[in-house]
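Here the structure comes first, spelled out in structure tokens, and everything after it is commentary.
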Amino acid sequence: MDEIVSTQKLTKVYGPIKAVQDLDLSVYRGEVFGFLGPNGAGKTTTIRILTTLTKPTSGRASVNGYDVVDEPSKVKNVIGVVQQHLSLDRDLTIRENMEFRARLHHLNSSERRHRINELLEYVDLTEYADRVIDSLSGGMKKRAAIVNALLHNPAVLFLDEPTVGLDAQARRRLWDLIRRLSNDGTTIFLTTHYIEEAETLCQRVGILHRGRLIALGKPSELRQELGQITVETLVNNRGTRYQYFRDKNAATQYVQNLPPEVKTIVIRESNLEDVFVELTGQKVDGE
Amino acid sequence: MVNEIMALLSDVYAILWVDLRLLKRQWLRTLATSLVNPLLYLVAFGYGLGRGISFEGYSYLEFVMPGIIALTAMTSSYNGASSKLHVDRLFYKCFDEYLMAPVSFVSIVIGKTLVGVIRGLISTLTILVVGYALAPEMMVSPLFLTAMVISCAVFACFGVLTALTVKSHQDMGTISTLVILPMTFLSGTFFSLNSLPTFVKTVLYVLPLTHSSLCLRASALGQPFPWPSLAVLTTYGLAFLVACLIILKKTSV
């Protein structure tokens with residue numbers, strides 16, 4: 001398969017802190033790749049390196065075949081980036097922000113007009129185009145930031161925690177947009193600490209913990225490796241224990257043979273959170 | 001070569017575009033706020049205090065006018081270039097958008113400097129008109145205007161440098177208080193450096209605003225033009241530009 005993002009032994013050290021360690025990663029053209037991990041795991045640092053904002057301490061990284069350190073200007077031409085925080089100019093309107101961005105990417109005036117209108121239409125923001133960013137809702141701001149990053153038809157779109165701070169409805173609407181973009185052929189590299197987001201959107205996920213990649217694969221494969229069924233039990237009222245089983249039969253058998261002091265709380269399908277907990281002994285949201 | 005220059009200019013314009021857009025929307029506010037300080041100086045020192053005094057053979061108003069223009073060039077260009085930039089960089093983090101765009105660092109620095117120059121020129125030209133009305137003896141020659149534009153560029157670039165370097169809003173305040181404010185009063189803006197002891201004079205000659213004042217005053221009063229001062233000023237400008245580029249290279253890829 002065609003690799004669009006790849007890193008080899010990528011490492012970034014800030015003083016005593018190893019933000020990213022020996023990261024080996026491949027993202028394939030056309031897929032939605034999810035980078036899952038708690039806050040501080042190194043997701044944003046990795047994105048910053050891939051988008052030429054931060055220099056790696058060692059190792060290599062390339063986007064669309066261009067090395068991020070040796071050919072940053074070529075990389076800049078093929079990436080679209082939506083940062084976690086809103087990076088639009090708040091004093092300008094959506095259209096002005098897009099106009100500015102399109103100028104930075106050297107689109108001529110007819111290309112600019114055409115592309116801006118087309119993208120505004122794509123995300124239903126046409127009627128808000130002349131509103132100042134500060135006056136928009138969180139979901140609209142995010143959609144505006146996404147189309148702003150798409151003006152120059154990037155080969156890969158980086159979305160850093162795209163749905164943080166959005167309400168359930170706005171989040172689903174954004175998921176829908178991400179799926180449409182993917183269907184239309186955009187490669188998407190997103191980071192998230194929401195399990196559900198990674199499971200529903202991503203064809204493959206990489207789980208990052210303290211700067212290291214601890215798992216990589218399709219969500220279904222990772223669940224299968226762990227065990228499809230999870231049994232949560234409570235022993236003498238002292239904390240929940242998790243056990244993983246190949247299938248429902250194996251789980252039921254286990255539950256039937258439990259001693260009386262062990263209470264079964266729930267038998268359910270495993271999810272990526274279980275994979276994460278099993279690998280790190282920690283929950284993704286840091287608890 | 002020609003293509004590269006055209007590309008540079010088009011990038012510079014793209015960067016300038018945002019600020020021109022904002023300026024168009026807020027020009028009255030921009031003008032009003034940046035004129036308060038110099039007008040107060042003009043009224044208090046020039047018109048109020050200095051009307052009866054004569055100084056080195058000129059009326060004090062005539063003497064102080066070029067100094068006030070120099071300090072207006074400094075403060076409005078410096079603030080014009082730095083205030084939005086440092087907020088965009090530190091708080092909104094939208095400066096990253098520039099760094100991730102396929103434009104050179106030189107065009108970013110020049111574009112952001114020009115933002116300050118334009119804002120600086122709007123204020124200085126207005127003060128110049130007011131000053132000319134009060135002291136019509138002042139000579140506004142092409143050399144005077146050149147020195148004025150160069151002054152704006154030097155301090156705008158210093159503003160860009162500051163905005164790219166500071167780590168917090170407090171740092172901005174600190175630079176304003178420790179660098180900009182003392183320069184406002186000490187750089188021969190309100191008094192002549194000739195009467196000062198050699199040591200103090202030497203220290204004050206290090207400040208770029210001193211050279212702005214010298215150039216502007218000499219040309220306004222029809223004295224021989226201090227070319228070395230213009231050279232010092234230009235050198236400062238180039239040094240700030242190079243420093244900005246080094247900082248951008250260091251922080252980004």
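Below, read A as the first sequence line, B as the second, and so on, with proteins coming before strands; counting in each chain starts at 1. Only a predicted model underlies this, so the values are computations on that prediction, with no experimental measurement involved.
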For A:Y122, does the OH atom sit with more than 12 other heavy atoms under 6.0 Å from it, leaving out its own atoms?
yes

Pair count under 4.5 Å, heavy atoms only, with chain A: among B:A14, B:S107, B:P102, B:A101, highest is B:P102

For chain A, which of B:L22, B:D96, B:V18, B:V103 has the most heavy-atom pairs under 4.5 Å?
B:D96

Tell me the closest heavy-atom pair linking A:V132 and B:R25, and the distance in Å.
CG2-NH1, 4.3 Å

Side chain, backbone, both or neither: which part of A:V82 has an atom under 4.5 Å from a heavy atom of chain B?
neither

Test B:K84 against A:D89 for salt bridge (charged side-chain N to carboxylate O under 4.0 Å, His left out), laying out the working first.
CA-CA 10 Å; B:K84 182 171 161 57; A:D89 197 312; 2.8 Å; yes

On a heavy-atom basis, the closest approach of B:K250 and A:K55 is O-NZ, 4.0 Å

Among A:N148, A:N97, A:L92, A:T51, which has the most heavy-atom pairs under 4.5 Å with chain B?
A:L92

Over all atoms of both residues, closest heavy-atom pair of A:Q83 and B:E97:
NE2-OE2, 4.4 Å

If you tally heavy-atom pairs under 4.5 Å between each of A:E96, A:H105, A:R101 and chain B, the highest tally belongs to A:E96

Once you round to the nearest 0.5 Å, how far does CH2 of B:W17 lie from CD of A:E99?
4.5 Å

Contacting region of A:L104 [heavy-atom separation from chain B under 4.5 Å]
both

Give a yes or no answer on whether the side chain of A:R103 reaches the backbone of B:D11 with a donor-acceptor pair at less than 3.5 Å.
no

Against chain A, label B:Y13 side chain, backbone, both or neither, depending on which of its atoms sit under 4.5 Å from a heavy atom there.
side chain

Heavy-atom cut-off 4.5 Å, strictly under: side chain, backbone, both or neither for A:H106 against chain B?
side chain

